[in-house]
Structure formats: structure tokens, C-alpha cells
Amino acid sequence: MDLPKNLRYTKTHEWVRLEGQRAYIGLTDFAQKELGDIVFVELPDLDAELAAGEQLGVVESVKAVADINSPLSGQVVEINEALEDSPELVNENAYDNWIAVLKLADLSEYDSLLTVEAYQKHIEG
Amino acid sequence: MIKLNLKRTPLHALQLAQNAKMVDFAGWEMPIEFAGIISEHKQVRSAAGLFDVSHMGEILISGPQAENMVQRLVTSDVKAAKNLQVTYTLMCNESGGVVDDLLVYKYTPTKFLLVVNAANAAKDLEWIKQHQLPDCEVVDLSEQYALLAIQGPKAEAILQPLCSDDLSRLKLFHFLPESSVAGEPALISRTGYTGEHGFEIYMAPQVAAHVWQELFRQGGADIAPIGLGARDTLRFEAKLPLYGQELGPDITPLEAGLAWFVNMDKSDFIGQAALRKQLSTGLKRQQVEFEMQGRGIPRTGYPVQKDGREIGYVTTGYYAPSLDKNIGLALIESAYAHPGQMIDIMVRNRSIPARIGKGLFYVPAYRRKKNKK
């Protein structure tokens with residue numbers, strides 16, 4: 001399973017890549033494997049203000065519907081519209097194919113996210 | 001978590017070696033997927049797939065009164081069926097709702113094999129015994145059969161070299177009671193639940209692993225194992241009903257669009273009076289096909305609205321892999337049940353427009369005109 005070391009993670013299987021104040025958010029490789037073939041991605045509205053834990057979007061596989069929660073608080077400044085037509089990109093590469101970019105309100109929240117070691121422990125249960 | 005005592009089919013270990021992802025299904029530990037639902041779905045449509053459906057129930061009814069007994073239990077005319085014919089039919093309760101949908105294998109007028117859904121097998125057996133006629137024997141043979149389905153345009157070419165009979169002479173919805181596959185005794189029928197050409201193979205559990213392996217050896221790259229996930233998308237895309245979704249104790253076959261499988265003219269069967277009444281007063285709700293017009297995938301149980309008022313619900317919906325569109329079946333008030341009608345599907349509390357249509361679904365291979373490409 002692919003688990004990049006430069007990312008942070010959540011217990012609900014989102015990943016975060018921080019670039020300055022911008023946080024790229026996506027679904028982990030573990031989650032896409034669990035879900036199976038992804039056939040639908042619902043993106044957040046651009047400019048939406050989200051609090052940590054709020055729903056950022058939805059991914060649907062053939063059989064399952066899963067919420068994507070926002071790991072952090074901030075404003076949606078970019079959405080990956082390519083996923084609307086090609087949701088299967090998340091299966092092909094979960095880390096290249098981010099869902100949305102948040103401009104963070106509070107950088108300190110980032111430190112509370114899971115490290116790669118903690119996430120790995122979480123999924124190995 | 002409490003470990004439930006799940007039943008396993010004789011192919012469990014072989015399937016784990018084929019990367020099966022297992023789930024609990026009706027008390028059985030069954031493969032939900034192998035390579036992935038969409039690739040498995042397309043494999044069956046384009047080549048061949050092998051399904052383990054050993055969890056299905058098999059109930060034998062025999063004796064001098066067997067035909068009269070089955071005739072009273074099901075909605076089709078099994079007296080009109082020929083020996084060695086298979087009939088898709090329904091058992092109804094007194095109010096016309098469905099106890100189960102099933103296949104009836106008629107050996108002779110004194111011997112019938114009923115193949116029922118795994119989730120209903122215990123309930124069905126009880127129901128059948130409640131309606132047993134004198135001189136009829138009812139035996140649950142579920143433990144004595146493993147069941148494989150080989151489905152897809154290449155199914156016959158793969159099965160034929162392993163089979164002792166000429167399969168080209170086996171007609172749709174007929175069976176060979178004493179055939180063999182890979183030297184193992186088997187009952188073979190030209191039946192399935194995918195919308196493709198194919199066969200179902202009943203055999204003793206002890207020989208199922210050998211048959212499973214020989215079919216993969218024979219089929220090579222043309223065959224792959226298929227899980228219950230793709231079984232559901234395949235049956236749905238071909239508009240075949242699933243008990244618990246399109247059918248249930250409070251849904252009649254008429255409401256579910258299965259009037260074709262209900263013979264109102266035959267001798268008395270359970271539920272017939274209620275269905276007759278429903279026909280004379282008119283159906284209050286009906287099953288419809290629909291296609292999403294906005295972005296969203298319909299799912300089982302999603303409400304259907306018209307002008308903000310609930311008029312029914314989605315029985316099954318999916319992204320249909322071979323049709324590449326989001327479609328569904330819904331049970332709605334009859335007043336709205338006509339092609340062209342716009343409805344709203346409530347997806348996570350938002351209304352997404354959909355259009356009721358006709359012929360939106362995949363036309364089964366065995367129903368296409370032969371000269372039509």
C-alpha cells in the first residue's frame with residue numbers, strides 16, 4: 001500500500017499535503033482500495049468556508065457511498081474538476097488526484113493530524 | 001465484534017487464492033469482488049465469468065400430487081411446462097405480495113426442483129411445507145448441491161469441451177438432469193442472472209472445486225471469477241429483479257412489472273384472488289425505469305418526489321457499467337408512471353432530476369434478434 005511520508009492523514013482516510021497556507025486534500029490509497037471502483041465524485045463549492053470535520057465532498061464506488069470530511073478549517077480555493085468526468089483517477093493514483101485545496105485559517109490545526117506512522121497503525125488496527 | 005458462524009461454500013479456499021474480497025451475505029461468507037466490480041462486469045459482457053452461487057437453496061418436491069402442489073404455490077402454469085423445462089416464477093402470499101422469486105425445474109409431473117434465494121431459503125421451506133399436499137414429499141437439498149454459473153458470450157465454447165452432452169441442443173430455460181462436467185456428474189441448465197448467454201451447473205459439493213478449476217483451465221484468459229458485486233450490477237443492468245429490492249412481501253408481481261410471469265387463467269394459486277382484485281381496481285403504484293438527468297447516482301431506498309411530494313422510492317440504482325449512465329428502477333404512484341415523465345430523485349436531501357423511460361436497460365443477449373447486429 002502506498003503511504004507517502006510527506007503527507008498527514010486522518011482516521012477517516014483523508015490525506016493532506018501542505019504548501020504554505022494551501023492544503024491539498026484527497027482520499028488515501030487504503031480508502032480507494034476499500035471502496036473499489038470509484039464512479040462518482042461530488043466536489044465542494046468554490047469559496048465555501050469549511051470547519052474541520054465538515055463534509056468536503058462525497059465519493060461513490062459501484063456499491064458504496066462515502067463522505068469526505070475536511071481535515072482542516074479553511075476556504076475552498078481550488079477544486080479538481082477533472083474528477084467530475086473521470087472519477088476513476090482516484091483509483092489510479094489517490095495522491096496525485098487531490099479533491100480540493102483549502103486556504104487554511106489556522107496552520108496549527110495541521111499539527112494535530114496523524115503522521116504517516118500513526119495512520120499506518122490506525123489502518124492496521 | 002461477535003464472530004458469526006458464517007457458512008462457506010466448497011470453493012472458499014480457492015477463491016481466497018484468487019484474491020476474493022469476502023463479505024457476509026445471508027449468513028454465508030461469499031466473494032463480493034475479485035479484480036474489481038467494473039472489470040468483472042465487463043468480463044462477463046465481453047467474454048465469460050464464473051460465479052459461485054452455492055448459497056442458493058434447492059428444494060425438491062416429489063410424489064403423485066407434486067404438480068398440483070407446485071401449481072398452487074407459484075404464479076406460472078407449471079402444468080404447461082414440458083419435462084426438462086425451467087420456469088422463472090414467483091411464490092405469492094395470500095395478499096399477492098411475493099414470498100420469493102425462483103426457478104422451477106420440472107423433471108416430470110411428479111418431480112420438481114425449486115431453486116430459491118439464499119436469504120429466503122428457510123422461510124420458503126417453511127412456506128412450502130405449510131402448503132404440502134398429501135402424497136407429496138418435500139426435501140431440502142440445499143446442502144447437497146454446489147452451484148456454479150458460467151455466463152457470457154464465450155461460456156458455451158468453454159463449457160462444451162468439458163461436457164458429456166451437446167450443449168448446442170440445450171435450449172434456453174431447459175436442463176440436462178444427468179450430464180457431466182470434467183467427468184463429474186452435474187445437472188446443467190441454460191439459465192442465468194446476467195443478461196448474457198450461459199449455464200448453471202449443479203453438482204455435489206465434493207466435486208465443485210474440481211469443476212471450478214477445470215473451467216478456469218479450459219477458459220484460460222477468456223474466463224475470470226466474478227463476485228456478488230458484479231452479479232448485482234449485471235442483473236440490474238439487464239433489468240432482472242432482486243428479492244428484497246424490486247420484490248418483497250408487500251410488493252405484488254404486477255406492481256413490479258412481472259405480469260408476464262403471472263398466469264391469471266390457470267387453476268387457483270396462492271395470491272391469485274388478491275392479484276385479480278388488484279387488476280380490477282387498478283395498480284396504485286408501478287415499477288418504472290428512469291435515467292438521471294443531473295449529476296448523481298440513484299441508490300436503493302432514495303425517495304422519489306414530484307413537485308416536492310414523495311411519490312415512491314428507488315428499488316435499485318447504479319452507475320451501469322456497460323451502458324455508461326446512471327439509471328434506476330423505482331416503485332412510484334401509477335399516475336406518474338409513464339415514459340417521458342420527469343421526477344426528482346432525492347440524493348442526500350437534494351433533488352436531482354430524472355426522466356422516466358422505456359428500453360433504457362441492457363437487452364439480454366438471448367432476447368436480441370439473431371439477424372440484428
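In what follows, chains are A, B, ... by sequence order, proteins preceding strands, each numbered from 1. Small disclaimer: the values here were computed from a predicted structure and weren't measured.
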By a 4.5 Å heavy-atom criterion (distance strictly below it), what part of B/S39 contacts chain A: side chain, backbone, both, or neither? backbone
Counting heavy-atom pairs closer than 4.5 Å to chain A, which one of B/E33, B/R348, B/K21 comes out on top? B/R348
For the residue pair B/W212 and B/F216, does the interplanar ring angle fall in the parallel (under 30°), tilted (30 to 60°) or perpendicular (over 60°) class? perpendicular
May I ask you to check if A/R17 and A/Y95 form a cation-pi contact, with NZ or CZ under 6.0 angstrom from the six-membered ring centre and within 45° of the axis? no
Before accepting this row, confirm whether a basic side-chain N of the pair B/K358/B/E289 lies closer than 4.0 Å to the acidic partner's carboxylate O. no
Give, as side chain, backbone, both or neither, the part of A/E88 having an atom under 4.5 angstrom from any heavy atom of chain B. neither
Should the ring pair A/Y24 and A/W98 be called parallel, tilted or perpendicular, given that the plane angle runs from 0 to 90° and is split at 30 and 60? perpendicular
